[in-house]
Amino acid sequence: MEYKKLVGLYNSIEATSKRLEKTYLVAEFLKKTDIDDIPKIMLLLQGRVFPPFDERTLGVATRMVIKALNKSLGIDADAIEREWKRTGDLGITAENLAEKKKQMALFTTKVMVSKVFTNLRKLAEMEGSGTVDRKVSLISELLTSASPDEARYIIRTVLEDLRVGIGEGVLRDAIVWAFFEDSIHINYDTESKSIKPENRELYNAYVEAVQEAFDILNDFAEIAMLAKTSGLKGLKAVGVVVGKPLKVMLYKKVKDIEEAFESVGKPAAFEYKYDGFRIQVHKKDGKITVFTRRLEEVTAQFPEVVEYIKKNVKASSFILDAECVGYDVKSKKYLPFQSISQRIKRKHDIQEMSDKFPVEVNVFDILNYEGKSVIKSPFRERRALIEKIVSPLPYSIIPAKQIVTSDLDEAKRFYDAALKAGEEGVMAKNLDGIYKPGSRVGYGVKVKPVMESLDLVIVAAEWGEGKRSGWLTSFSLACYDPDTGSFMEIGKVGTGVKEKVELGVSFEQLTELLKPVIIKEKGRDVTVKPMVVVEVNFEEIQKSPTYSSGYALRFPRVIRIREDRSPDECSDLALVQDLYSTQRSR
Ligand code: ATP
């Protein structure tokens with residue numbers, strides 16, 4: 001397929017804010033796409049060439065793009081920089097410059113989707129000396145034959161900043177519309193941009209089937225192929241596979257123990273809510289792999305966890321869901337998450353880190369046992385399995401501390417004990433609940449005394465002035481809108497007079513993290529790739545026309561950087577709305 005066609009789709013998607021219209025556009029496009037191109041299109045629509053759990057990144061810095069533009073268009077770097085300063089966007093810069101060149105040359109070679117895809121994938125594989133030059137060549141090879149608007153999207157994709165406004169919901173529904181239209185007759189009306197499925201229940205069942213398969217596989221490219229080639233049956237057959245990480249189940253927050261019982265029923269299981277870092281542990285053919293909740297592999301960073309699993313879990317194949325909690329080597333007191341967060345990304349001195357900041361593994365769920373998926377088994381059975389296979393060894397590995405009760409006082413005492421032990425609170429779980437990957441269903445709820453905080457992603461920042469001109473000192477925070485895949489601003493935090501109050505982490509630290517992901521600069525304002533997630537406390541949520549979310553935070557304060565959270569896992573708009581409407585009762 002010619003890349004031009006995909007660019008046409010990008011343009012039409014960007015031109016509408018209507019979710020159903022976006023879905024229709026994508027679905028119609030997929031219907032006409034050759035089977036070989038479907039996976040590439042699904043990924044490129046998300047601005048990526050690898051599925052989300054794949055750790056490879058393209059690693060292209062803005063200066064490489066400038067070199068590539070210089071090489072392919074023959075325009076000198078200073079002129080490119082000037083144009084970039086003027087537009088503030090390298091994609092638009094590429095488009096404008098290619099437009100100029102258009103008058104001089106004819107585009108004889110067509111850019112193909114497969115060529116873009118292959119070259120981008122190659123970018124991720126480059127290592128060692130000469131990498132920059134080879135990367136520049138791969139990009140400029142594409143730009144040489146690209147038309148102006150192709151150049152714009154190539155550059156945005158290369159910089160991993162596509163932003164056309166497609167969220168998971170649109171992709172999910174588009175798969176249904178494209179491949180199951182014959183069975184459900186969606187009846188999209190292009191005038192009113194609305195749908196009238198012949199059978200709403202059936203339609204919802206298809207949407208749910210795609211969603212469930214996605215929650216397990218986490219890859220729309222694979223899901224679209226399955227839907228196309230094996231239909232509903234294929235989607236339903238998607239199972240939990242050991243070795244392949246799947247999304248974790250999330251929990252709702254309730255006010256207190258009474259509400260916990262109301263939510264999950266009686267009797268309920270209560271467990272300590274450990275303040276640590278969530279891992280998914282897979283074991284197959286003697287090999288143990290540890291993933292974060294972002295589905296990144298961290299096996300090498302946690303050698304002692306691998307040892308505990310090897311020695312103290314008696315089964316040959318499984319997937320466990322667990323929380324690693326740090327503790328003080330001498331006093332054996334549990335430590336808050338921050339104490340071990342540095343271990344997640346650490347690539348050197350691993351043993352030293354493990355000796356200094358050891359963790360205890362608290363196993364609270366099991367998703368696969370001896371090759372069989374158990375996510376549809378009731379929680380009481382999954383818990384029994386955990387107790388059967390995990391031999392507890394305190395400060396190494398234990399099943400999460402649990403009681404099962406219908407008694408309010410007993411549950412309250414357990415909650416107090418959890419807080420006394422330095423834990424965050426408790427989880428209450430429905431004994432018959434299944435495990436729903438990726439969802440915040442009510443089979444389990446959390447109770448903790450502190451006010452709900454939000455996990456927000458930094459989308460823009462401002463350079464400081466005077467002594468601080470080399471540092472970013474003000475940060476725009478955004479929540480996630482899963483429908484459009486975009487980030488909606490909800491407030492700003494910064495230094496200045498209230499510095500200590502607003503930033504619980506240093507602006508130097510934030511600058512280091514954000515500098516490499518700056519994608520636009522205009523004066524003191526910079527736009528950054530939405531990558532850094534921070535946890536934010538606040539006094540109140542207010543309605544506000546100032547920010548795109550429609551809400552603003554009163555007295556926001558950053559409490560920590562959440563390395564364990566990916567941007568699309570940050571708090572979504574629905575949660576903000578929820579908190580807004582319930583805050584009075586807090
Ligand atoms: P928080 O910020 O409150 O930790 P979260 O937003 O990261 O919550 P939630 O799903 O809302 O995630 O809360 C549950 C989290 O608590 C899990 O992701 C897990 O990391 C942690 N946790 C600690 N102990 C348990 C337990 N016994 N059962 C389930 N989750 C637990």
Side-chain angles (χ1 to χ4, degrees), residues 215 246-255 260 263-264 268-281 290-295 298 320-326 334-338 340-341 344 359-367 379 382-383 386-387 390 397-404 414-415 417-419 421-431 433 435-457 479-480 533-537 558-572 574-576 578-579:
D215 289 335
L246 66 156
K247 288 194 186 175
V248 297
M249 180 161 78
L250 301 165
Y251 307 87
K252 292 190 167 138
K253 178 165 192 255
V254 293
K255 206 166 72 227
S263 271
V264 302
F270 285 84
E271 292 174 1
Y272 277 10
K273 182 180 191 311
Y274 299 95
D275 183 16
F277 138 75
R278 190 167 185 171
I279 55 168
Q280 197 178 85
V281 187
V290 183
F291 297 97
T292 66
R293 59 179 281 167
R294 295 176 63 168
L295 316 184
V298 288
L320 301 177
D321 199 351
E323 188 89 351
C324 282
V325 198
Y334 289 117
L335 299 170
F337 168 78
Q338 284 91 319
I340 52 161
S341 65
I344 302 170
V359 296
E360 174 183 71
V361 182
N362 296 270
V363 183
F364 60 80
D365 224 319
I366 180 162
L367 321 184
F379 179 60
R382 302 202 304 279
R383 171 73 192 193
I386 295 174
E387 287 174 8
V390 177
I397 183 168
I398 54 168
K401 199 169 164 64
Q402 190 196 70
I403 58 163
V404 173
F414 186 73
Y415 179 45
L419 296 178
E423 302 307 345
E424 265 193 306
V426 291
M427 310 295 298
K429 298 180 181 179
N430 179 325
L431 292 170
Y435 190 96
K436 265 201 140 334
S439 345
R440 206 176 276 283
V441 276
Y443 298 131
V445 295
K446 52 181 173 182
V447 192
K448 52 181 188 176
V450 291
M451 181 180 74
E452 182 82 331
S453 58
L454 287 171
D455 292 319
L456 300 170
V457 64
C479 59
Y480 185 59
V533 179
V534 288
E535 185 173 350
V536 180
N537 265 347
V558 173
I559 15 182
R560 60 166 156 153
I561 298 170
R562 290 216 53 165
E563 289 91 349
D564 59 331
R565 283 244 155 167
S566 64
D568 57 6
E569 272 189 324
C570 76
S571 305
D572 62 20
L575 177 67
V576 174
D578 217 34
L579 289 179

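In listed order, ligands and their atoms are each counted from 1.
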*asked:* Give me the nearest non-hydrogen protein atom to atom 17 (C) of ligand 1 as residue plus atom name, then the distance to 0.1 Å.
replied: Arg278 NH1, 3.4 Å
*Atom indices of ligand 1 within 4.0 angstrom of Leu250 heavy atoms, with elements*: 10 (O)
*Do ligand 1 and Asp455 have nitrogen or oxygen atoms that lie under 3.5 Å from each other?*
no
*Identity and separation of the nearest protein heavy atom to atom 24 (N) of ligand 1*: Tyr274 N, 3.0 Å
_Selection from Gln402, Lys273, Met427 by shortest heavy-atom distance to atom 4 (O) of ligand 1_ = Lys273
*Between the side chain of Glu323 and the main-chain N/O of Gly276, is any donor-acceptor distance below 3.5 Å?*
yes
_Using heavy atoms and a 4.0 Å limit, tell me yes or no: is Lys252 in contact with ligand 1?_
no
*So how far is it from Asn362 CG to Glu423 CD, rounded to the nearest 0.5 Å?*
7.5 Å
_In terms of relative ring orientation, are Phe414 and Tyr272 parallel, tilted or perpendicular, with 30° and 60° separating the classes?_
tilted
_Full working for side-chain contact (heavy atoms from CB on, under 4.5 Å) between Leu456 and Cys570_ = CA-CA 6 Å; Leu456 300 170; Cys570 76; 5.6 Å; no
_Apply side-chain contact (heavy atoms from CB on, under 4.5 Å) to residues Leu335 and Ile340 and explain how you reach the verdict._
CA-CA 8 Å; Leu335 299 170; Ile340 52 161; over 6 Å; no
*May I ask you to say whether Glu569 pairs ionically with Arg294, meaning some side-chain N is under 4.0 Å from a carboxylate O?*
no
*For ligand 1, indicate whether the residue Tyr272 contacts it via side chain, backbone, both or neither (heavy-atom separation under 4.0 Å).*
backbone
*Using only heavy-atom distances, determine whether the side chains of Glu360 and Tyr334 contain a donor-acceptor pair under 3.5 Å.*
yes
*Which part of Met249 is near ligand 1, with near meaning a heavy atom under 4.0 Å away: side chain, backbone, both or neither?*
neither
*asked:* Does only the side chain of Arg293 get under 4.0 Å from ligand 1, or the backbone, or both, or neither? Count heavy atoms.
replied: side chain
*How far apart are the closest heavy atoms of Val264 and Ala428, and which atoms are they?*
CG1-O, 3.7 Å
*Which is closest to atom 8 (O) of ligand 1 in terms of heavy atoms, Lys446, Glu535, Lys401?*
Lys446
*Examine the proximity of ligand 1 to Arg565 and report which part, side chain or backbone, both or neither, has a heavy atom under 4.0 Å away.*
side chain
*Counting heavy atoms only, which part of Phe364 comes closer than 4.0 Å to ligand 1: side chain, backbone, both or neither?*
side chain
*Less than 6.0 Å separating the ring centroids of Tyr435 and Phe379?*
no
*asked:* I need the nearest protein heavy-atom contact for atom 21 (C) of ligand 1: residue, atom name and distance, please.
replied: Glu323 OE1, 3.2 Å
*How does Arg562 reach ligand 1, by side chain, by backbone, by both or by neither, if only non-hydrogen atoms under 4.0 Å count?*
side chain
*Hey, which atoms in ligand 1 end up nearer than 4.0 Å to a heavy atom of Lys448?*
1 (P), 2 (O), 3 (O)
